[in-house]
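What follows is one structure encoded as structure tokens, with my remarks underneath.
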Amino acid sequence: MEKVVVVTGANSGIGLALCERLLSGDSQLRLCLACRNMQRAEAARSALLHSHPYAHVDLLHLDVGSIKSVLTASKKVKARYSRLDYLYLNAGIMPNPQVDMKAFFKGLFSRNVINMFATAEGLLTQQDRLNSDGLQEVFATNLFGHFLLIRELEPLLCQAGLTSSVVWTSSSNARRSAFSLDDIQHKSGTEPYSSSKYASDLLSLAINRHKNSQGLFSSVICPGLVMTNLTYGILPSFFWTLILPIMWFIRIFTNTFTLTPYSGAEALHWLFLQKPESLDPMAKYHSLTSGLGNNYTRPRQMDLEDGMSEVLYVKLLELEKVVRNNLSEEYADMEAHRQYLNETE
């Protein structure tokens, strides 16, 4: 039976590169591009079908930053497919990034240059905001929307006799120091991206603890330093023009500068070829590129604690109850208003 694969954020960058690699290796699989921008999704689908004319590529409108969109998309997935083998949680945002230029130029000509580019530690902050659901936008898009998507798709992901995988696109910027269990949405901080990525690492560990017995396995990857739309949004274009030659030179001496989306998707594709039950839940699987341009994957242990991951999991379940109740009340108010209008006509 054909495998079913859903990829969020699949219309560009690492997500699109993953789709291309998946179809190149197995043109028989059923691939679903779950995207917020359907015009770009159509363009991505056309590009994939141009390279693989007999491939089965579906489209799904999904904005993981919107609770209603996640619930609607989940219903469509459950109606469309009888199984779900891989769910790639790749969509993410980094809004309004601010770079400490003094720290940037200081680090650019120091021994710390590789770590600076790899982790952006001490260099990058963001300005977050509330979304229409009253949640912090980065938290909702990078973490909670995907969590809710998994919860909604459990009937497909946790079927008796089948094994399924969820794979999170994390980051080397996922730092414990940016995350707090007292502020899981990162309302008070200035590093919501780093916080959300560390939270996804924790959540992956908790999912394995709770769902492995039901056939669902979770893994985390780091794509390395990749030049995507998200990356280009951090600095003005002329800076990248100046810096890119330096980065290609540094790539000779480090394996974390994957640079291209194709190379960044290496770990995502490698996991597709593995048995989920054989993977280490405490490892983050890194896309790496040698100085000669050869791509490979290597696991590295994450700085995680079981207790911390369990507390986050419980907090997310509690938040899920709250948003579902709020949504039910909203629908009830809308129905009451509709009935009132009917009665007054």
Is there any ring-ring contact (aromatic ring centres under 6.0 Å, His included) pair reaching into residues 25-82, and which pairs are they, with sequence neighbours excluded?
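Passing the test, one end in residues 25-82: no pairs.
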
Will you find, in the side chains of [X] and [Y], an N or O donor that is under 3.5 Å from an N or O acceptor?
X    : Y    : value
E42  : N11  : no
S69  : D63  : no
W168 : S219 : no
K284 : S170 : yes
S12  : R40  : no

Would you find more than 12 non-hydrogen atoms of other residues, nucleotides or ligands less than 6.0 Å from [X] atom [atom1]?
X    : atom1 : answer
K211 : NZ    : yes
K78  : NZ    : yes
Q28  : CD    : no
R324 : CZ    : yes
Q39  : CD    : no

Evaluate H146 against S200 for side-chain hydrogen bond (donor to acceptor under 3.5 Å, both in side chains), listing each step before the verdict.
CA-CA 9 Å; H146 281 136; S200 69; over 6 Å; no

Would E152 and K75 pass as an ion pair if we require N to O under 4.0 Å?
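Looking at K75 together with E152, the answer is no, because their closest N to O distance does not fall below 4.0 Å.
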
Tell me whether R30 is salt-bridged to D58, with the criterion being a basic N under 4.0 Å from an acidic carboxylate O.
yes

Contact summary for [X] and [Y], nearest pair of heavy atoms:
X    : Y    : answer
A265 : S287 : C-OG, 4.2 Å
S195 : I184 : OG-O, 4.3 Å
L156 : Q159 : O-NE2, 3.2 Å
T141 : V64  : O-CG2, 3.4 Å
A91  : N142 : O-OD1, 4.4 Å

Going by side chain to side chain contact (heavy atoms under 4.5 Å, CB included), L33 matches just one of V5, L48, V6. Which one?
L48

Member of H186, E137, Q185 meeting the side chain to side chain contact (heavy atoms under 4.5 Å, CB included) criterion with D128
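The option that passes is E137.
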
Membership question, hydrophobic clusters at under 4.5 Å side-chain separation (ILVMFWY): are L162 and L153 in the same one?
no

Checking the side chain of T297 only, and the main-chain atoms of W270 only, is there a donor and an acceptor separated by less than 3.5 Å?
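Not a single qualifying donor-acceptor pair exists.
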
Assess the residue pair H286 and T256 against the criterion (side chain to side chain contact (heavy atoms under 4.5 Å, CB included)); give the C-alpha distance rounded to whole Å, side-chain angles, the decisive distance to 0.1 Å, and a yes or no.
CA-CA 8 Å; H286 288 250; T256 59; 5.8 Å; no

For side-chain hydrogen bond (donor to acceptor under 3.5 Å, both in side chains), just list the numbers for N255 and Y296, CA-CA rounded to whole Å, side-chain angles, deciding distance to a tenth of an Å, and then say yes or no.
CA-CA 9 Å; N255 55 11; Y296 60 103; 3.0 Å; yes

Qualifying residues under side-chain contact (heavy atoms from CB on, under 4.5 Å), relative to N295, sequence neighbours excluded:
Y262, S263, E266, T289

Taking only residues two or more places apart in sequence, or in another chain, which ones meet Y198 in a ring-ring contact (aromatic ring centres under 6.0 Å, His included)?
F179

Ring centroids only, cut at 6.0 angstrom: are Y313 and H210 within range, meaning strictly under it?
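Under 6.0 Å, so yes.
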
After noting the C-alpha distance and the side-chain angles of D280 and Q301, does the key distance pass the side-chain hydrogen bond (donor to acceptor under 3.5 Å, both in side chains) rule?
CA-CA 9 Å; D280 183 357; Q301 291 296 296; 2.8 Å; yes

Determine whether L148 and L71 satisfy the following criterion, side chain to side chain contact (heavy atoms under 4.5 Å, CB included), listing intermediate values before the conclusion.
CA-CA 8 Å; L148 189 59; L71 296 178; 4.2 Å; yes

